[in-house]
Amino acid sequence: MPQGATQGSPGGGITQPDADYMPFHPAPSRPGFVPPPGAVDAHCHVFGPAAVFPFASTRKYTPVDATAGQLFALRDHLGFSRNVIVQATCHGSDNSAMLDAIARSGGRARGVAVVDAEISDGELATLHAGGVRGVRFNFLKRLVGNAPKDRYVRVAERIAALGWHIVVYFESAELEDLAPFITALPGTIVIDHMGRPELANGPDDPGFARVRTLMDTSERFWIKVSCPERLTVAGPPYDDVVPFARLLVADYPDRVLWGTDWPHPNMTSHMPDDGALVDMIPRIAPDTDAQYRLLVDNPMRLYWPEERA
Ligand SMILES: O=C(O)/C=C(\CC(=O)C(=O)O)C(=O)O
């Protein structure tokens, strides 16, 4: 059990966040950078509220509630228009909190789900109708233990007909082992958090080189230039992350996405100011064309393709 937590069994019970869990920033600054109209925060989460949407008994951490209303208030404060809500491991494969948030968004949110291989066609159709456009395969040992690759393959087969994509979350140090598996997955594959390079090595990091090789092998691969707060060694304002993100935006302008990663679960060093994260955007995407693709055109192609002419 996570420290300080009670069992998050369906049907209720009081769920306490982990004793060392860092809550999200209470009052992010208003960014100086104004995102283009229609900008999408393409990686964020909702947690709970636990009293309504209990956390999974399989979870490795118990977060502080981070509700749809709080997410949408942040979206507006930061000058964004839409969200892509990514199912996190603390909710397991119960996507109810995410679906509820999408339903409350007035069409301004879409989702990436976690599903079991045994999910029925009807349940998949319900997720699609509820705004889900992808599934997430998590390979981080601290979050899932050993990744169930056989199940991931079966899920990939199940979603093929829906036109969804697959989001993969891994540490770049693991990529040498994982690359054959990931490359064999069908369809569009979105890599979370720049593939989590080892920043201490600088942009010549071997793991980052492998991530870029993967991006070079096929236009099926997309990547999120997100999460400086998790990757940085230097800390805010994340100068050490900028060269990595900038390279990706420059080399793959049509296949990059950006997200806040709010509410930043499992941070231990510091809690980022979301306004400061937005103010990094012109440092990684220096011109308005790159910013438009990163924040509007690319995420719209992936999540709201029906709205594009
Ligand atoms: O917020 C993120 O993207 C990253 C997470 C949480 C997560 O992915 C999960 O619980 O599934 C992390 O690195 O702890």
Side-chain angles (χ1 to χ4, degrees), residues 2-3 5 8 15 17-18 20-25 40-48 50 53-67 70-71 74 83-98 101 111-116 132 134-148 151-152 155 166-175 178 189-199 207 211 222-232 238 241 245 257-272 274 277 299:
Q3 190 188 357
T15 305
D18 295 338
D20 57 354
Y21 189 87
M22 291 183 79
F24 52 87
H25 197 294
V40 181
D41 173 355
H43 187 105
C44 48
H45 309 285
V46 289
F47 295 147
F53 303 108
F55 297 115
S57 59
T58 52
R59 71 194 182 279
K60 305 282 189 198
Y61 63 94
T62 306
V64 170
D65 284 346
T67 66
Q70 290 168 315
L71 174 64
L74 179 75
N83 298 100
V84 178
I85 305 174
V86 177
Q87 175 81 350
T89 51
C90 57
H91 274 299
S93 58
D94 179 352
N95 297 284
S96 312
M98 179 185 67
V112 173
V114 170
V115 304
D116 295 321
V132 171
V135 286
R136 190 180 198 208
F137 296 166
N138 201 321
F139 296 92
L140 261 66
K141 289 194 171 55
R142 73 177 161 81
L143 292 171
V144 293
N146 279 329
R151 297 179 73 81
Y152 289 169
V155 169
I166 297 171
V167 174
V168 288
Y169 188 25
F170 57 78
E171 310 262 7
S172 67
E174 311 262 326
L175 186 52
L178 281 176
I189 314 283
V190 180
I191 301 167
D192 266 349
H193 306 339
M194 301 198 270
R196 293 199 62 131
E198 202 58 63
L199 255 70
V211 170
W222 291 46
I223 195 158
K224 291 181 197 161
V225 286
S226 49
C227 243
E229 73 279 12
R230 255 178 235 288
L231 303 174
T232 187
Y238 313 118
V241 185
L257 301 170
W258 184 91
T260 54
D261 195 30
W262 186 88
H264 314 284
N266 303 318
M267 286 298 294
T268 51
S269 56
H270 69 290
M271 185 49 58
D274 298 277
L277 295 178

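Position 1 is the first residue of the sequence, and the numbers go up from there. Counting convention: from 1, in listed order, for ligands and their atoms alike. Side-chain atoms are counted along with the backbone in the values below, which use heavy atoms only and exclude waters and symmetry mates.
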Practice task
Look at ligand 1 and say whether His43 reaches it with a heavy atom at a distance under 4.0 Å.
Solution key: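 Under 4.0 Å: yes for His43.
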
Exercise for the section: Would you check whether Lys60 reaches within less than 4.0 Å of ligand 1, judged by its heavy atoms? Expected result: no

Handout entry: Per-atom contacts of ligand 1 with Tyr61, taking only distances under 4.0 Å to non-hydrogen atoms
Key =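 It comes down to these atoms of ligand 1: 6 (C), 9 (C), 10 (O).
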
Select one of side chain, backbone, both or neither to describe which atoms of [X] lie under 4.0 Å from any atom of ligand 1, heavy atoms only.
X      : result
Asn138 : side chain
Leu143 : side chain
Arg230 : side chain

Handout entry: Full working for side chain to side chain donor-acceptor pair (under 3.5 Å) between Glu229 and His270
Key = CA-CA 8 Å; Glu229 73 279 12; His270 69 290; over 6 Å; no

Practice task
Using the six-membered ring wherever Trp is involved, compare the ring planes of Phe55 and Phe47 and label them parallel, tilted or perpendicular (cut-offs 30° and 60°).
Solution key: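 Rings of Phe55 and Phe47: perpendicular, over 60°.
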
Exercise for the section: For residues His91 and Phe53, establish whether the separation of their ring centroids is below 6.0 Å. Expected result: no

Handout entry: Closest non-hydrogen atom pair between Ile85 and Ala101, with its separation
Key = CD1-CB, 3.7 Å

Practice task
Please name all residues satisfying ring pair (Phe, Tyr, Trp, His ring centres under 6.0 Å) with Phe137, sequence neighbours left out, ordered by chain then number.
Solution key: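 So Phe137 forms a ring pair (Phe, Tyr, Trp, His ring centres under 6.0 Å) with Tyr152.
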
Practice task
Could you tell me whether some N/O pair between Gln87 and ligand 1 is separated by less than 3.5 angstrom?
Solution key: no

Give me the residue, atom name and distance of the protein heavy atom closest to [atom].
atom                    : result
atom 3 (O) of ligand 1  : His193 NE2, 2.7 Å
atom 13 (O) of ligand 1 : Tyr169 OH, 2.6 Å
atom 6 (C) of ligand 1  : Pro265 CG, 3.6 Å
atom 14 (O) of ligand 1 : Asn266 ND2, 2.7 Å
atom 2 (C) of ligand 1  : Asp261 OD1, 3.1 Å

Is there side-chain contact between [X] and [Y], with heavy atoms separated by less than 4.5 Å?
X      : Y      : result
Ile191 : Lys224 : no
His264 : Met271 : yes
Val115 : Ser93  : no

Exercise for the section: Give the single entry among His45, Met267, Arg136 that approaches atom 7 (C) of ligand 1 most closely by any heavy atom. Expected result: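 Minimum heavy-atom distance to atom 7 (C) of ligand 1 goes to Arg136.
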
Handout entry: Note: Glu174-Lys141 ion pair, threshold 4.0 Å (strictly below)
Key = yes

